Amino acid sequence: MLDIRLLRADPDSAKAALRRRGPAEPAKVDRLLELDARWRELIAAAEECRAEQNRASKALRGAPTAEQRSELAALSARAKELTEQEATVRVEREAVLLSLENLPAADAADADTVIATVGSTQQRGRDHLDLAGPRIDMERGARLSGSRFAYLRGELVLLELALIRYAFTTLVGHGFEPVSPPVLVREEALIGTGMLPDTEQQLYKVPEDDLYLVGTSEVALASLHRDEILDLTDLPRRYAGLSSCFRREAGAAGRDTRGIFRVHQFDKVEMFSFVEPSRSVQEHERILGIEEQICRDLGFSYRVVNIAVNDLGASAAKKYDIEVWLPGQGQYRELTSCSNTTDFQARRLDARYRAAEGKPAHVHTLNGTAVTSSRTIVALLETGQQEDGSVVIPEVLVASGAPAVLDAAV
RNA sequence: GGAGGGGUGGCAGAGCGGUUGAAUGCACCGGUCUUGAAAACCGGCAUGGGUGUGAGCCCAUCGCGGGUUCGAAUCCCGCCCCCUCCGCCA
């Protein structure tokens with residue numbers, strides 16, 4: 001959610017920033033300010049009426065006379081009417097405010113821009129499904145749950161556990177507190193993170209209980225400090241969440257149908273930071289740095305992409321993706337992603353901190369992927385593959401309990 | 001799932017239809033006193049919104065949303081959450 005005060009004070013800058021997201025966006029600002037102006041008139045009138053009512057009510061002691069009573073009743077009725085009008089406009093105003101996407105950062109890219117490349121793109125080979133063989137069981141996964149569901153089996157499960165273990169060891173070293181959150185959440189949590197109304201079609205719903213399955217633990221982690229005011233000394237707060245993630249992949253039919261590159265359910269370790277506003281830019285770089293470190297630890301060739309403004313999603317002001325070189329596909333593919341959502345989520349969640357001076361202010365929030373049981377494993381298989389079809393596993397994972405080598409599939 | 005009890009300021013805890021945004025205590029921040037500290041005493045100490053250059057003024061908020069009433073923290077209804085007991089269960 002954007003800061004209405006900012007929009008009032010300088011609508012043109014906001015409109016210019018939003019225009020980068022799409023031609024229709026700036027008009028929403030005008031619409032909002034129009035509603036806001038009307039709302040302010042109505043709230044002032046309603047409050048004045050209530051003030052009058054309060055004055056009259058306080059002036060008397062005990063029960064009013066019949067005459068007083070009818071005067072008070074008239075005031076009360078008028079206040080109620082004005083409040084109803086005010087509420088109608090307020091609801092509309094809030095809906096528009098909620099529909100506005102975050103202002104892109106000045107240095108968010110106009111078009112996807114590669115800002116760093118590490119490793120080579122020479123490697124070619126088999127794809128992850130070939131290499132995994134029966135250790136990725138798509139057929140039975142589909143029989144159980146439908147397409148895009150897979151069983152991981154045997155050594156791949158140990159590999160996943162090692163990957164998670166390695167990720168937590170790394171992140172704890174960087175000051176992140178491990179969290180294992182609920183994955184079924186209320187609608188508010190999704191509105192709070194900007195997933196709703198933005199990515200509705202991507203979410204699984206459980207209407208019977210009015211809950212949603214999260215698409216990422218970002219949702220649960222962001223809500224950790226919902227409606228809270230943190231002390232300045234509490235910041236930064238960094239969390240590493242482990243959770244299953246659920247995505248409907250509606251509209252992706254036919255895309256990436258082979259293997260576990262794009263599945264409806266996977267596990268992920270996610271980073272999430274709450275920071276002072278002045279620190280979010282450097283925190284974003286820090287999170288990107290950790291993602292890069294993980295890629296290097298795992299022996300990946302990758303590149304870092306500054307994501308185009310029109311591809312940011314509602315809540316991000318700026319986003320980096322890391323694309324990993326997949327020898328089986330002969331191309332770079334998205335592996336991780338990290339976003340600076342500035343105060344956009346914090347405002348929706350009402351997550352604040354108490355600055356040294358002045359009023360509580362909204363924090364900034366950021367998120368980034370550490371590892372996943374889908375794409376990270378795909379990359380490990382394809383990158384570590386040998387001539388004979390066996391796969392060498394990186395030392396850091398072996399140290400966390402992974403097999404040193406996965407035998408060639410039979 | 002069934003039966004009870006309960007949600008009040010950072011915490012504890014009064015109030016249960018009329019200057020109650022809310023007693024009191026603790027915590028916290030100033031000040032007096034003290035060589036310093038403690039104690040004692042004095043003062044301050046919620047959040048959001050509207051309005052104003054500003055001091056300020058006004059409105060709202062006692063889990064959330066409705067309702068009754070001239071007036072609700074207090075009465076009624078719905079929802080959420082917590083606790084106790086029973087049942088069920090990984």
Side-chain angles (χ1 to χ4, degrees), chain A residues 1-10 32-98 180-192 196 206-213 219-220 223-235 237 242-244 274 343-363:
Chain A
M1 181 157 61
L2 299 180
D3 183 357
I4 185 76
R5 292 169 191 280
L6 207 77
L7 295 174
R8 285 174 189 156
D10 186 6
L32 173 65
L33 290 176
E34 193 184 303
L35 286 166
D36 183 55
R38 259 172 65 206
W39 174 75
R40 284 197 284 173
E41 278 175 34
L42 288 168
I43 189 80
E47 285 185 354
E48 175 46 41
C49 187
R50 234 171 293 142
E52 197 180 333
Q53 188 188 352
N54 286 344
R55 276 194 299 273
S57 185
K58 275 178 186 170
L60 58 93
R61 293 177 192 283
T65 65
E67 191 185 345
Q68 284 172 326
R69 189 185 300 267
S70 76
E71 275 172 33
L72 286 166
L75 270 177
S76 169
R78 189 161 147 261
K80 191 176 177 186
E81 192 185 312
L82 285 167
T83 301
E84 273 164 16
Q85 287 177 32
E86 177 265 317
T88 305
V89 177
R90 171 163 35 92
V91 167
E92 231 185 308
R93 170 187 176 272
E94 267 161 22
V96 176
L97 188 55
L98 220 52
S180 181
V183 295
L184 278 166
V185 301
R186 294 213 175 111
E187 186 182 39
E188 304 133 55
L190 293 156
I191 292 172
L196 290 175
V206 185
E208 183 76 8
D209 295 286
D210 260 331
L211 293 169
Y212 293 79
L213 282 163
V219 174
S223 291
L224 273 173
H225 296 300
R226 189 200 154 116
D227 289 331
E228 289 184 21
I229 302 178
L230 296 164
D231 278 336
L232 187 56
T233 51
D234 288 334
L235 297 176
R237 285 294 264 255
L242 166 65
S243 78
S244 294
F274 296 82
D343 61 355
F344 186 84
Q345 293 180 334
R347 207 173 284 287
R348 288 169 168 242
L349 294 160
D350 206 18
R352 292 175 291 170
Y353 75 105
R354 207 175 287 284
E357 307 246 318
K359 298 204 153 212
H362 290 100
V363 297

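Residue numbers begin at 1 in each chain, while the letters A, B, ... track the order of the sequences. Quick caveat: nothing in here was measured; it's all calculated off a predicted structure.
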Exercise. Rounding to the closest angstrom, what is the interatomic distance between B:C26 and B:C45 at atom C1'?
Worked result: 14 Å
Seminar exercise, completed: Rounded to whole Å, the CD-P distance (A:Glu86 to B:G50) equals 11 Å
Exercise. With rounding to whole Å, what would you report as the distance between B:C88 and B:C81 at their P atoms?
Worked result: 24 Å
Exercise. Is a side-chain N or O of A:Asp231 found less than 3.5 angstrom from the main chain of A:Thr233, in a donor-acceptor match?
Worked result: no
For this session: Apply salt bridge (charged side-chain N to carboxylate O under 4.0 Å, His left out) to A:Arg237 and list each qualifying residue two or more places apart in sequence or on a separate chain.
Result: A:Asp234
Exercise. Rounded to the Å, how far apart are A:Ile229 CD1 and B:G48 P?
Worked result: 6 Å
Problem set entry | N or O in side chain of A:Lys359 less than 4.0 angstrom from B:A46 OP1/OP2 | no
For this session: At under 4.0 Å between heavy atoms, which parts of nucleotides 51-67 of chain B does protein reach? Answer with one letter per nucleotide, 5' to 3': B base, S sugar-phosphate only, - none.
Result: S------SBS-------
Exercise. To the nearest angstrom, how far is A:Glu81 atom CD from B:C70 atom P?
Worked result: 17 Å
Problem set entry | Closest-nucleotide 5' rank along RNA chain B - winner of A:Ser76 and A:Asp36 | A:Asp36
Problem set entry | Interatomic distance at C1', B:U84 relative to B:C79, whole Å | 22 Å
Exercise. B:G17 and B:U24: how far apart are their C1' atoms, nearest whole angstrom?
Worked result: 23 Å
Exercise. On a whole-Å scale, what distance lies between the P atoms belonging to B:G21 and B:C16?
Worked result: 15 Å
Problem set entry | Closest to side chain of A:Arg354, choosing from B:G50, B:C70, B:U47 | B:U47
Problem set entry | For A:Glu92, side-chain contact (heavy atoms from CB on, under 4.5 Å) partners two or more places apart | A:Arg31, A:Leu35
For this session: List for me each residue that meets salt bridge (charged side-chain N to carboxylate O under 4.0 Å, His left out) alongside A:Arg40, sequence neighbours excluded, and say none if there are none.
Result: A:Asp36
Exercise. At what distance, to the nearest 0.5 angstrom, does CH2 of A:Trp39 lie from OG1 of A:Thr88?
Worked result: 13.5 Å
For this session: Runs of at least three consecutive Watson-Crick or G-U pairs, both distances under 3.5 Å, are what I'm after; which ones involve RNA chain B?
Result: B:1-7 with B:80-86, B:10-12 with B:24-26, B:28-32 with B:40-44, B:46-51 with B:56-61, B:63-67 with B:75-79
For this session: Report the residues that fulfil side-chain contact (heavy atoms from CB on, under 4.5 Å) with A:Asp343, sequence neighbours left out, ordered by chain and then residue number.
Result: A:Arg347, A:His362, A:His364
Exercise. What integer number of Å spans the C1' atoms of B:C62 and B:U47?
Worked result: 13 Å
Exercise. Quick one: A:Leu72 CG to B:U69 P, roughly how many Å, whole number?
Worked result: 14 Å
For this session: Name all residues meeting the side-chain contact (heavy atoms from CB on, under 4.5 Å) criterion together with A:Leu190; count only those two or more places apart in sequence or in a different chain, and write none if there are none.
Result: A:Val185, A:Met195, A:Leu196, A:Leu203, A:Tyr212, A:Val219
Exercise. Could you give the CG-to-P distance, from A:Asp231 to B:C11, as a whole number of Å?
Worked result: 13 Å
For this session: For B:A46, take OP1 and OP2 only and decide whether either is under 4.0 Å from a side-chain N or O of A:Arg352.
Result: no
For this session: Please name all residues satisfying side-chain hydrogen bond (donor to acceptor under 3.5 Å, both in side chains) with A:Ser244, sequence neighbours left out, ordered by chain then number.
Result: A:Asp267
Exercise. How long is the line joining CG of A:Asp234 and P of B:G10, in whole Å?
Worked result: 15 Å
Seminar exercise, completed: So salt bridge (charged side-chain N to carboxylate O under 4.0 Å, His left out) across residues 71-88 of chain A, not counting sequence neighbours, yields A:Glu86-A:Arg90
Exercise. Who are the salt bridge (charged side-chain N to carboxylate O under 4.0 Å, His left out) partners of A:Arg50, not counting sequence neighbours?
Worked result: none
Exercise. In terms of side-chain geometry, is the basic nitrogen of A:Glu48 or A:Arg55 positioned less than 4.0 Å from the acidic oxygen of its partner?
Worked result: yes
Exercise. Out of B:C80, B:U47, B:G71, which has the shortest distance to the side chain of A:Arg186?
Worked result: B:C80
Seminar exercise, completed: Taken to the nearest whole Å, CZ/A:Arg69 to C1'/B:G17 is 13 Å
Problem set entry | Pairwise P distance, B:A23 and B:G9 [rounded to whole Å] | 12 Å
Problem set entry | Set of residues satisfying side-chain contact (heavy atoms from CB on, under 4.5 Å) with respect to A:Asp227, sequence neighbours excluded | A:Asp350
Between the protein and nucleotides 88-90 of chain B, are there any N/O to N/O pairs under 3.5 Å, and if so, what are the atom names and distances?
none

Exercise. Looking only at atom C1', what distance separates B:A60 and B:U20, rounded to whole Å?
Worked result: 15 Å
Exercise. Between atom CG in A:Asp350 and atom P in B:A46, what is the gap in whole Å?
Worked result: 18 Å
Exercise. Hey, what do you get for CD (A:Gln53) to CG (A:Leu72), rounding to the nearest 0.5 Å?
Worked result: 7.0 Å
